[in-house]
Amino acid sequence: MIAFEIWGKFATFRDPFTVSQNITLPIPPKSTVAGMMASILGSTDYLSDQAYKNFLYSVVTLGQIRKKSFSQNYINDYTKKSLTQLNHLKKGLFSGVAKGFRDSKAPQKPINRELLIDPKFLILVENFAYEKILADLMKERITRFPFYLGNSEFAGNFKWLDIQSVERIKKEKCEIDSFVSVKEIENIIFCPNSRYTPLSFASALDENRSPLSKVEIIYSDNPIEMREVEVLEVVIDERVFRCKMVS
């Protein structure tokens with residue numbers, strides 16, 4: 001198992017099941033964490049590598065989740081005919097690209113976007129085939145490709161964390177610091193002062209970035225109290241984190 005911290009000024013984590021970037025998930029989904037690890041390792045074909053699909057992961061939010069919405073002007077449909085225009089360039093048919101990539105009828109399109117402000121997360125990864133190589137690079141703060149938080153315009157930071165101990169234990173009652181699988185919803189002791197959000201997002205992507213599988217969880221802005229639960233107890237820097245892992 002490995003543990004690392006990620007943070008930045010801004011982040012946006014799009015669910016691969018959606019077709020836009022208007023709304024961000026409150027935490028990085030597994031497919032995003034896979035991409036982050038691939039960036040550090042310098043993997044160019046990670047979408048076809050089963051190692052980036054078969055690991056377990058968990059996320060603990062460090063600090064308060066804050067979001068900001070704003071409107072941004074995009075060039076409308078700038079990718080709609082890009083393949084056709086690239087073929088024109090290859091063939092030397094410059095008349096085919098004379099009007100550029102913009103849609104002349106509607107050159108700009110305002111898009112409402114949502115960002116996470118000052119995000120900070122603890123990431124736990126288990127059964128990842130390249131753990132040792134990843135650990136060596138993280139300890140030296142080396143990334144072979146740019147490291148970002150969801151979108152390339154949001155540069156991110158990462159820090160290796162030493163795990164002091166890991167233990168799987170059963171508890172009659174305890175607070176979970178991470179998300180919880182929706183399958184265990186009957187074991188949740190709901191608190192009236194907490195907000196609970198059901199989330200469903202892709203856990204693995206194919207080579208065309210189409211979702212192969214999904215995971216369904218319950219996320220809360222506070223620790224989730226549960227009864228009769230098996231939990232992973234991880235000690236990092238003298239602090240105990242009780243987490244649930246998902247694949």
Side-chain angles (χ1 to χ4, degrees), residues 1-18 20-47 49 51-53 55-70 72 74 111 113-126 128 130-163 177-179 199 201-205 209 215 217 219 221 234 236-237 239 241 243 245-246:
M1 173 177 286
I2 59 174
F4 56 97
E5 191 176 294
I6 61 171
W7 72 96
K9 294 297 293 182
F10 305 102
T12 179
F13 301 122
R14 182 179 70 87
D15 181 0
F17 277 112
T18 66
S20 72
Q21 297 181 1
N22 295 15
I23 303 298
T24 179
L25 294 166
I27 59 173
K30 181 183 174 183
S31 56
T32 296
V33 172
M36 290 176 177
M37 295 191 297
S39 293
I40 294 170
L41 291 166
S43 176
T44 57
D45 59 350
Y46 78 97
L47 290 172
D49 190 336
Y52 292 92
K53 299 177 177 65
F55 66 92
L56 303 174
Y57 102 119
S58 187
V59 179
V60 177
T61 302
L62 303 174
Q64 185 180 5
I65 289 292
R66 295 189 298 131
K67 293 183 179 182
K68 177 69 176 179
S69 298
F70 66 99
Q72 182 175 9
Y74 276 91
I111 299 291
R113 297 189 65 186
E114 186 178 71
L115 300 180
L116 298 179
I117 309 299
D118 294 322
K120 191 175 184 181
F121 304 98
L122 164 65
I123 309 294
L124 297 173
V125 173
E126 188 176 20
F128 181 54
Y130 310 126
E131 279 186 11
K132 187 180 184 308
I133 304 172
L134 182 66
D136 291 341
L137 291 170
M138 280 190 158
K139 288 174 183 178
E140 297 297 326
R141 302 296 298 273
I142 295 172
T143 179
R144 290 172 175 164
F145 292 149
F147 186 87
Y148 52 86
L149 303 180
N151 276 19
S152 56
E153 62 261 44
F154 304 133
N157 299 288
F158 65 86
K159 180 175 70 174
W160 169 264
L161 298 174
D162 284 317
I163 298 175
D177 297 301
S178 67
F179 48 64
L199 298 175
F201 49 77
S203 58
L205 306 177
R209 296 186 178 275
V215 61
I217 62 168
Y219 173 81
D221 51 355
V234 184
I236 300 172
D237 292 334
R239 181 177 172 183
F241 296 95
C243 303
M245 308 290 287
V246 296

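Just the heavy atoms: all of them, side chains too, but no hydrogens, waters or symmetry mates, feed the values below.
A search for side chain to side chain contact (heavy atoms under 4.5 Å, CB included) contacts involving L41 returns Y52, F128, Y130, I133, L134, L137, not counting sequence neighbours. Remark: F145 engages no residue in a ring pair (Phe, Tyr, Trp, His ring centres under 6.0 Å) (not counting sequence neighbours). Partners of D221 under the side chain to side chain donor-acceptor pair (under 3.5 Å) rule, at least two apart in sequence or in another chain, do not exist in this structure. Residues satisfying the side chain to side chain donor-acceptor pair (under 3.5 Å) test with E131, not counting sequence neighbours, are none. Remark: F158 pairs with F147 by the ring pair (Phe, Tyr, Trp, His ring centres under 6.0 Å) rule, at least two apart or across chains. F10 pairs by the side chain to side chain contact (heavy atoms under 4.5 Å, CB included) definition with L115, I117, F154, not counting sequence neighbours. Among residues two or more places apart in sequence or in another chain, the side chain to side chain donor-acceptor pair (under 3.5 Å) test is passed with R66 by D118. Every residue meeting the side chain to side chain contact (heavy atoms under 4.5 Å, CB included) condition with K159, not counting sequence neighbours, appears here in chain and number order: E5, W7, L161.
Pairs of residues two or more places apart, or lying in two chains, that qualify as salt bridge (charged side-chain N to carboxylate O under 4.0 Å, His left out) and include a residue from residues 136-147 are K132-D136.
Shown here for C243 and L124, the closest heavy-atom pair between the two residues is SG-CD1, 3.6 Å. Residue P119 comes nearest to A11 through the heavy atom pair CG-CB, 3.6 Å, listed as atom of the first residue, atom of the second, then distance.
No side-chain heavy atom of T32 sits less than 4.5 Å from a side-chain heavy atom of L25.
Distance alone, capped at 3.5 Å, is enough to place a donor-acceptor pair between the D49 side chain and the A51 backbone. Remark: side-chain polar atoms of K67 are not paired, donor with acceptor, to backbone N or O of I23 under 3.5 angstrom.
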Please list every donor-acceptor pair under 3.5 Å in which a side-chain atom of residues 55-62 meets a protein atom from a residue at least two apart or in another chain.
| residue | atom | partner | partner atom | Å |
| --- | --- | --- | --- | --- |
| Y57 | OH | P28 | O | 3.0 |
| Y57 | OH | K30 | N | 3.3 |
| S58 | OG | S178 | OG | 3.4 |
| S58 | OG | K244 | O | 2.9 |
| T61 | OG1 | Y219 | OH | 3.1 |

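The residue from I40, I123, L122 that alone fulfils the side chain to side chain contact (heavy atoms under 4.5 Å, CB included) condition with F4 is I123.
A salt bridge links E153 with R113: the closest approach of a Lys/Arg side-chain nitrogen to an acidic carboxylate oxygen falls below 4.0 angstrom.
For the atom pair CZ (F179) and CG (L199), the distance works out to 9.5 Å, reported to the nearest 0.5 Å.
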